[in-house]
Amino acid sequence: MPAPPRALTTTPTTPPGPRARTDHPSPSTKGSVPSCAFASPPPRLLDPRDLGSGYLPKPERPAQHDDVTVTGCPALSELGGDAATGGTLAFPHKAKADFTYGGSSSEISEELYSDSAKKLSDGIDRIFDAMTGCPTYQVVAGGTPVDVTSQKLPAPHAGGDEQWIQLLTFIAEGRSTVVKQTAIRDGNLLLVVSGSPALVDRHLDKALAKARATS
């Protein structure tokens with residue numbers, strides 16, 4: 001089943017649309033953070049010790065090269081198939097961690113990016129606008145049709161300078177999966193937390209606090 005739509009493979013050029021802003025001061029607003037700094041002490045990504053018992057790292061998925069088409073959402077189709085099937089955003093510095101919970105289908109994924117504040121804002125704004133602008137659409141990946149519904153939700157007020165949040169429902173072969181996706185830009189860092197809604201709500205604040213860690 002396709003992962004939450006969160007990839008952006010083209011250079012963002014669309015002016016940012018409306019999104020939530022806060023008056024929380026940014027810890028860093030100049031330049032960007034190298035990818036290696038996300039894992040060097042102090043690490044900025046969550047690990048099983050942060051999450052608690054029952055969480056296990058999820059093995060990395062092999063790269064998929066299936067033809068992907070999107071119907072019913074021209075804006076998302078313009079971003080390319082990867083935008084609807086998962087992947088990583090096209091920023092120069094990035095890190096990612098995926099976990100499963102309790103041996104069930106519940107999952108949580110954390111992505112951390114760094115670039116200039118404007119590039120981060122424009123890039124994530126473009127893809128969230130595309131997805132939430134289409135309440136329903138269909139993705140066909142590897143011959144499997146997946147019906148998707150999206151819903152824009154109020155910002156989580158978890159801190160940061162800008163926030164985006166949406167609820168996605170994927171239906172394929174009679175099975176339904178609900179994914180909550182929250183993105184927070186804090187200065188020159190962009191945090192994206194996706195997965196089972198309860199797990200995202202439970203660990204969002206902790207993920208943001210750890211992402212802000214500085215040496």
Side-chain angles (χ1 to χ4, degrees), residues 1-9 19-20 45-46 51 54-61 64 66 68 70-73 75-77 79-89 94-113 123-142 144-156 158 163-185 190-208 211:
M1 188 142 183
R6 56 179 181 269
L8 181 60
T9 57
R19 63 268 189 185
L45 288 175
L46 294 173
L51 299 171
Y55 290 87
L56 295 173
K58 181 181 177 181
E60 185 175 352
R61 294 187 308 164
Q64 297 183 0
D66 295 328
V68 176
V70 180
T71 59
C73 187
L76 188 56
S77 183
L79 294 180
D82 285 345
T85 58
T88 55
L89 295 164
K94 63 194 72 175
K96 182 179 179 181
D98 296 289
F99 303 92
T100 60
Y101 177 65
S104 67
S105 60
S106 297
E107 299 180 0
I108 185 169
S109 172
E110 179 189 12
E111 297 166 78
L112 192 59
Y113 302 91
I124 193 67
D125 197 66
R126 184 184 185 195
I127 192 167
F128 264 72
D129 277 357
M131 288 188 291
T132 58
C134 300
T136 62
Y137 55 93
Q138 186 178 76
V139 177
V140 179
T144 301
V146 180
D147 293 319
V148 185
T149 63
S150 65
Q151 179 185 0
K152 186 176 182 180
L153 300 179
Q163 306 166 354
W164 299 257
I165 184 169
Q166 64 180 335
L167 197 66
L168 301 161
T169 302
F170 302 88
I171 302 175
E173 300 177 339
R175 298 174 57 188
S176 176
T177 302
V178 178
V179 172
K180 190 173 188 179
Q181 187 172 54
T182 300
I184 298 176
R185 184 187 66 78
L190 176 68
L191 171 70
V192 182
V193 182
S194 308
S196 302
L199 300 187
V200 172
D201 291 343
R202 185 182 306 168
H203 298 294
L204 181 63
D205 289 346
K206 189 178 298 182
L208 180 60

What about the rings of His203 and Tyr101, do their centers lie closer together than 6.0 Å?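 So the answer is no for these two rings.
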Do Ser150 side-chain atoms and Cys134 backbone N/O form a donor-acceptor pair below 3.5 Å?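 Yes, because the side chain of Ser150 sits within donor-acceptor range (under 3.5 Å) of the backbone of Cys134.
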Does the pair Gln163 and Thr182 meet the rule for a side chain to side chain contact (heavy atoms under 4.5 Å, CB included), with working shown? CA-CA 7 Å; Gln163 306 166 354; Thr182 300; 6.0 Å; no
Straight-line distance of [X] [atom1] to [Y] [atom2], nearest 0.5 Å:
X      : Y      : atom1 : atom2 : value
Thr177 : Leu168 : OG1   : CG    : 11.0 Å
Thr100 : Tyr55  : OG1   : OH    : 10.0 Å
Leu208 : Ile184 : CG    : CD1   : 5.0 Å
Leu199 : Phe99  : CG    : CZ    : 11.5 Å
Asp129 : Ile124 : CG    : CD1   : 10.0 Å
Arg202 : Leu51  : CZ    : CG    : 9.5 Å

For the student: nearest non-hydrogen atoms of [X] and [Y], plus distance:
X      : Y      : value
Cys73  : Ala130 : SG-O, 3.5 Å
Tyr137 : Val139 : CE1-CG2, 3.9 Å
Leu46  : Ala97  : O-CB, 4.2 Å
Val146 : Ala172 : CG2-CB, 3.9 Å
Leu153 : Ile165 : O-CG2, 2.9 Å

Partner of Gln166 under side chain to side chain donor-acceptor pair (under 3.5 Å), chosen from Lys152, Lys180, Gln181: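 Only match with Gln166 under side chain to side chain donor-acceptor pair (under 3.5 Å): Gln181.
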Can you tell me which residue among Arg185, Glu110, Glu111 is in a side-chain contact (heavy atoms from CB on, under 4.5 Å) with Val192?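 Exactly one option meets the side-chain contact (heavy atoms from CB on, under 4.5 Å) with Val192, and it is Glu111.
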With sequence neighbours left out, write down each residue that passes side chain to side chain contact (heavy atoms under 4.5 Å, CB included) with Gln138, or none if nothing qualifies.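 Gln138 satisfies side chain to side chain contact (heavy atoms under 4.5 Å, CB included) with Thr71, Val140, Pro145, Asp147 only.
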